[in-house]
Structures are given as structure tokens and as C-alpha cells.
Amino acid sequence: MAGRLKNHVRQVRRGMTDLTQAQLAEKAGCTRQTILALEQEKYNPSLILAIKIAKALDVPLDQLFELEEDQDR
Amino acid sequence: MSMQMKHSIMHLILWSLVFIFFLSIFLTGDTLETWGDNRTKTLVVAALFIAGFGGDAVLNFVFRKRKDKVTRDERDDFIQKQALSAGFIVTILYVFLVAISLYTRYETSGMVPAAWLWFLAYSLVCVANMAVTAFSVFYYRKGGM
């Protein structure tokens, strides 16, 4: 599959809210380690978790995630 | 470190200990030759595995899901699936290697001591448990603990 999922969770969490990773995890119903892995772009969330995180941060989904197209295509 | 990673590490330690004790019982003295007659060692090995599965049950209870706190989520499930797939391949390779080694060694005599089949059966349990949890720990470390 071409492309890579890029996310702005860390920027939005820090810039638009005062939430810590643990608080965001609690609101989204996941573990703090999952938020950490997401912010380090080591894990791609399911659509359900992505929507929950977007709701927890109160931003639209496409503001949090974007598909980065491969350069060679 | 996540609860599930802690669980995996403790599970790995538990089954590594069982495996070490099992090897020290099975591969010392004349166990292989006298397996069928040596009631004590047979019972000790059985007790060792009961202790292993008992420890497993205790760990599952300690690290069980809690209502008030999220201790496991979709990333844990994803890592577990990856670890199971990789552990499955290692387990199959282990069985293949042990079986082919026994075949090569006893090909001329035409008979394999039954103790080796018990060895394969018991060690398989340890190897499968260790392989899956070792891969879990590896994937947790790789994927941000």
C-alpha cells in the first residue's frame, strides 16, 4: 500500500489543549503507551481509536491525521 | 512500561525457569534410559508443569482487566497477534529440528526411546510459551514499550 500515515497528535495536544498523555489516554480509552507510540509514529491507530482521539482533542479527524504520499509515485 | 509488557516479561521469566528446571531434570543422570521406570522424575516433571501453568493463572489474575483503568488496548492486541505469528513459526521450526535430529540419530537402530517423545512434548510447551512472550517483549520494545 502506498503512502504513510502521519499524525499531529503531539502538536495538537500540546498546542490546543493542556492534556497530558495520560489524560488523553484516559479520555480516548487507551493506554498512555499507545499515545506515546502514536506520537512517535511507531503505531497506526484503528479508525475507531483515531476518532476517539480526535473527539478527545476536540478537532476534526483530518486535522490530526494525514496521508503522506510516496515520493516515487 | 505498560502492564502488558510487564506481564510478558514475567511470563517469559516463569517459563524460562520451568524450562531450565525441566532440562536439568531430564538431561541429567540416566533419565532418558529409565524414563518409564522412574516414577519420581515423571511426577517431578509433571509437578513442574503444573507449577508453570499455575503461575500462568496467577499472572493472568494479577494482570486481569480492571473496570476503573485501561490496562490493555488495541495496540496490545496488535502486538500479541504479531508475537503469536512469529512464535508459531519458531515453535514449528523447533519441532522440525528436534524430530529430524532424533530421526538422524536413531535411523540405524530403528527405535527412538519413548523418553524423547516425552521430552519433545514437554519442551514444546516451554518453547511455545517462551517464543511468544519473547517476541511480545521484542515488539513492545520496538514499538515504544
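Letters go in sequence order (proteins before strands), and every chain restarts at 1. All values below were derived from every heavy atom in this structure, side-chain atoms included, with hydrogens, water molecules and symmetry-related copies excluded.
Phe88(B) CZ: 12 or fewer foreign heavy atoms inside a 6.0 Å radius. Residue Ile48(A) places its CD1 atom among 12 or fewer non-hydrogen atoms of other residues, nucleotides or ligands, all under 6.0 Å distant. Applying the 6.0 Å contact sphere to CH2 of Trp116(B) captures more than 12 heavy atoms from other residues, nucleotides or ligands.
Atom CZ of Phe78(B) sits about 8.5 Å away from atom CG of Asn44(A), to the nearest 0.5 Å.
When all heavy atoms of Thr31(A) and Asp73(B) are compared, the pair lying nearest together is N-OD2, 2.9 Å. Here the shortest heavy-atom pairing between Lys42(A) and Lys142(B) reads CD-O, 3.6 Å.
Residue pairs meeting the salt bridge (Lys or Arg N to Asp or Glu O under 4.0 Å) criterion with at least one partner in residues 37-50 of chain B, sequence neighbours excluded, do not occur; the list is empty.
Following chains of ILVMFWY side-chain contacts shorter than 4.5 Å, one can reach Val58(B) starting from Met130(B), so the two form part of one hydrophobic cluster.
Evaluation of the salt bridge (charged side-chain N to carboxylate O under 4.0 Å, His left out) rule for Glu74(B) yields no partner, not counting sequence neighbours. Under the salt bridge (charged side-chain N to carboxylate O under 4.0 Å, His left out) criterion, Asp77(B) pairs with Arg72(B), sequence neighbours left out.
For residues 7-26 of chain A, an interface with chain B (any heavy-atom pair closer than 4.5 Å) does not exist.
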